[in-house]
Amino acid sequence: MGTLGRSGIVRKPNETMRMLVTTIVGVVFGFFVGVSFPTISLTKFNFSSNLIPSLNFTYMDNVWSSVTGHIQVNSLSGVPKIWEKTNPRGAERLPPGIVTPESDLYLRRLWGKPSEDLIIRPKYLVTFTVGLNQKANIDAAVRKLSENFQVLLFHYDGRTSEWDEFEWSKRAIHVSVRKQTKWWYAKRFLHPDIMAPYDYIFIWDEDLGVDNFDAEEYIKLVRKHGLEISQPGLEPNSGLTWQMTKKRDDTEVHKDTEERPGWCSDPHVPPCAAFVEIMATVFSREAWRCVWHMIQNDLVHGWGLDFALRKCVDPAHEKIGVVDAQSIVHQTVPSLGNQGEAQNGRAPWEGVRERCRKEWSMFQDRMDNAEKAYYKTIGIELPNSINS
């Protein structure tokens with residue numbers, strides 16, 4: 001017996017099967033016809049924007065090109081469209097030869113040939129986060145640097161014109177944002193693709209005495225001993241917090257130390273090794289690329305970073321160290337603390353110090369949780385604390 005359709009027409013079984021087979025054959029034939037002819041860009045059709053306002057035909061063209069291998073052609077010029085997947089994200093529509101993924105902080109002239117702008121290309125960058133009260137101290141530090149150094153001053157007090165009395169200041173880069181820390185500046189202005197031309201990046205505080213410091217000799221020792229992250233040794237009478245950063249008289253460089261009992265779970269981990277402080281840190285270009293990504297956007301004081309720097313080099317206990325032969329004095333001037341705000345009867349610096357401690361705890365928790373989450377995705381369960 002035949003089947004009864006919605007219209008009341010009785011169809012025989014063989015007629016229904018014939019219609020089904022015809023439909024399938026038509027679909028298959030249409031598919032092969034479609035892939036046999038050149039792709040027609042949807043952008044060539046003049047659809048009303050009121051009818052289909054949400055479709056991005058350029059994007060659809062690019063997706064279809066990547067799937068089928070067909071090259072899309074610009075409907076206006078007849079030239080194939082550019083879509084280079086190996087270009088940096090966002091630059092796929094540009095020819096690779098024009099893409100410039102890196103930059104620098106070299107000063108340029110407003111006249112003449114670009115190729116003649118630079119008499120010398122600085123190989124190192126040094127940054128100081130400064131207030132005007134430390135002007136004389138920064139002047140003394142900059143005068144210790146050779147022409148191989150590009151100087152960048154971050155002004156947390158908003159005062160920049162007063163530095164014009166120094167000839168070197170006219171060649172320096174000045175960035176002024178009030179009441180910000182050096183790590184806030186570093187995250188926003190020291191992207192690795194801008195630091196790419198510099199072999200080493202010095203990120204220093206403003207209260208460092210440099211009478212016994214020679215920057216070029218320091219770089220030589222860093223290269224000699226293979227240090228990717230380093231700092232000068234601190235003179236013993238300059239407010240030491242950790243034994244690791246204390247200057248030694250019997251060696252050029254040291255990479256480990258003995259701390260108080262129970263402070264180090266392993267002789268190869270901070271603060272007994274793979275450790276420098278964040279007051280006068282020097283990074284290689286490669287190490288900085290990793291460290292920049294580790295700096296948290298909202299945690300501006302950097303507390304806790306010094307214990308985590310080891311994650312950016314391997315083996316850390318060999319590539320992080322203190323250069324004893326070139327020492328500095330930490331004058332421990334609490335200038336940035338005075339940029340805080342007095343609240344609830346407390347001095348400005350007290351609120352700043354409290355936030356520093358909170359940020360340290362927050363950073364440790366974030367790092368701990370991030371590592372646990374990563375290892376969990378690959379089937380490894382870590383113990384409760386992995387950052388000791």
Side-chain angles (χ1 to χ4, degrees), residues 102-108 122 124-139 141-142 145 149-166 168-198 200-208 277-283 288-289 291-306 331-343 347-360 362-363 366:
E102 298 175 347
S103 186
D104 55 62
L105 294 176
Y106 300 154
L107 299 182
R108 296 285 180 171
Y124 320 120
L125 179 79
V126 58
T127 76
F128 296 98
T129 304
V130 302
L132 192 62
N133 290 338
Q134 295 299 311
K135 184 171 63 171
N137 199 52
I138 296 300
D139 178 52
V142 173
L145 306 176
F149 282 82
Q150 173 76 58
V151 177
L152 171 56
L153 298 188
F154 296 131
H155 299 269
Y156 62 74
D157 61 356
R159 303 177 67 178
T160 59
S161 60
E162 291 89 341
W163 294 78
D164 288 346
E165 67 178 270
F166 304 123
W168 58 261
S169 179
K170 300 173 184 177
R171 301 185 301 275
I173 306 293
H174 297 264
V175 178
S176 177
V177 184
R178 290 176 56 82
K179 297 181 182 296
Q180 300 302 319
T181 71
K182 69 177 181 179
W183 299 111
W184 182 92
Y185 282 111
K187 189 64 174 177
R188 286 149 183 84
F189 297 101
L190 302 183
H191 189 279
D193 288 345
I194 298 177
M195 297 297 99
Y198 306 104
Y200 294 94
I201 300 100
F202 290 57
I203 302 183
W204 280 23
D205 288 350
E206 62 181 338
D207 60 343
L208 304 175
E277 294 188 75
I278 57 175
M279 71 179 75
T281 324
V282 179
F283 302 93
W288 178 249
R289 181 167 290 278
V291 172
W292 184 90
H293 286 281
M294 187 168 62
I295 297 172
Q296 304 294 284
N297 203 55
D298 59 330
L299 305 185
V300 297
H301 289 289
W303 280 36
L305 273 177
D306 36 17
Q331 299 165 345
T332 61
V333 177
S335 50
L336 190 58
N338 293 331
Q339 296 292 309
E341 185 174 312
Q343 293 180 332
W349 68 266
E350 292 181 280
V352 172
R353 182 53 60 94
E354 181 182 16
R355 173 158 176 162
C356 289
R357 294 193 180 100
K358 287 182 178 179
E359 286 196 4
W360 191 354
M362 292 172 68
F363 180 78
R366 289 182 188 183

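No side-chain donor-acceptor contact under 3.5 Å links S103 and H191. Looking only at atom types and distance, the side chain of D139 has no donor-acceptor partner in the side chain of W163 under 3.5 Å away.
Atom-to-atom distance recorded for Y124:OH and I201:CD1 is 11.5 Å, nearest 0.5 angstrom. Note: D157 CG to T129 OG1 = 11.0 Å, rounded to the nearest 0.5 Å.
Of the listed residues (E206, E162, E165), just one forms a salt bridge (charged side-chain N to carboxylate O under 4.0 Å, His left out) with K135, and that residue is E165. V177 pairs in a side-chain contact (heavy atoms from CB on, under 4.5 Å) with only one of the listed residues (Y156, Y185, F154), which is Y185. Considering D298, N297, L299 as possible partners of K187, the one that fulfils the side-chain contact (heavy atoms from CB on, under 4.5 Å) test is N297.
Taking 4.5 Å as the limit, some side-chain heavy atom of L107 sits within range of a side-chain heavy atom of I173. Side-chain contact check for D193 versus W292: every heavy-atom pair is 4.5 Å or farther apart. The shortest distance between side-chain heavy atoms of V142 and F166 does not fall below 4.5 Å. No side-chain heavy atom of L208 sits less than 4.5 Å from a side-chain heavy atom of Q331. Contact check for L190 versus W288: side-chain heavy atoms found under the 4.5 Å cut-off. Side-chain contact between L105 and I194: present, with at least one pair of heavy atoms (C-beta onward) separated by less than 4.5 Å. Counting only heavy atoms from C-beta outward, the side chains of T127 and K182 never approach each other to under 4.5 Å. Counting heavy atoms from C-beta outward, R171 and V151 have side chains that stay 4.5 Å or more apart.
Scanning all heavy atoms of the two residues, the minimum distance from I203 to F283 falls at CD1-CE1, 4.0 Å. Heavy atoms only, all atoms of each residue included: G158 and S176 are closest at CA-OG, 3.2 Å. Closest of all the heavy-atom pairs between G302 and E359 is N-OE1, 4.0 Å. Contact detail for P197 and D104: the closest heavy-atom pair is CG-CB, 3.5 Å. Nearest heavy atoms, M195 versus L125: SD-CD2, 3.3 Å.
Between the R159 side chain and the H155 main chain, no donor and acceptor come within less than 3.5 Å of each other. No donor-acceptor pair closer than 3.5 Å links the side chain of Q134 to the backbone N or O of L132. A donor-acceptor contact shorter than 3.5 Å is absent between the side chain of H301 and the backbone of K358.
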Give the C-alpha distance, both sets of side-chain angles, the deciding distance and a yes or no for side-chain contact (heavy atoms from CB on, under 4.5 Å) between M279 and D207.
-> CA-CA 9 Å; M279 71 179 75; D207 60 343; 6.0 Å; no
When you look at V300 and W183, which way does the side-chain contact (heavy atoms from CB on, under 4.5 Å) test go after all the steps?
-> CA-CA 5 Å; V300 297; W183 299 111; 5.6 Å; no
Please test L305 against I295 for side-chain contact (heavy atoms from CB on, under 4.5 Å), starting from the C-alpha separation and ending with a verdict.
-> CA-CA 8 Å; L305 273 177; I295 297 172; 4.2 Å; yes
side-chain contact (heavy atoms from CB on, under 4.5 Å) evaluation trace for K179 with W184 | CA-CA 10 Å; K179 297 181 182 296; W184 182 92; over 6 Å; no
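Aromatic ring orientation, W204 versus F202: tilted (interplanar angle from 30° to 60°).
Aromatic ring centroids of Y106 and Y198 lie under 6.0 Å apart.
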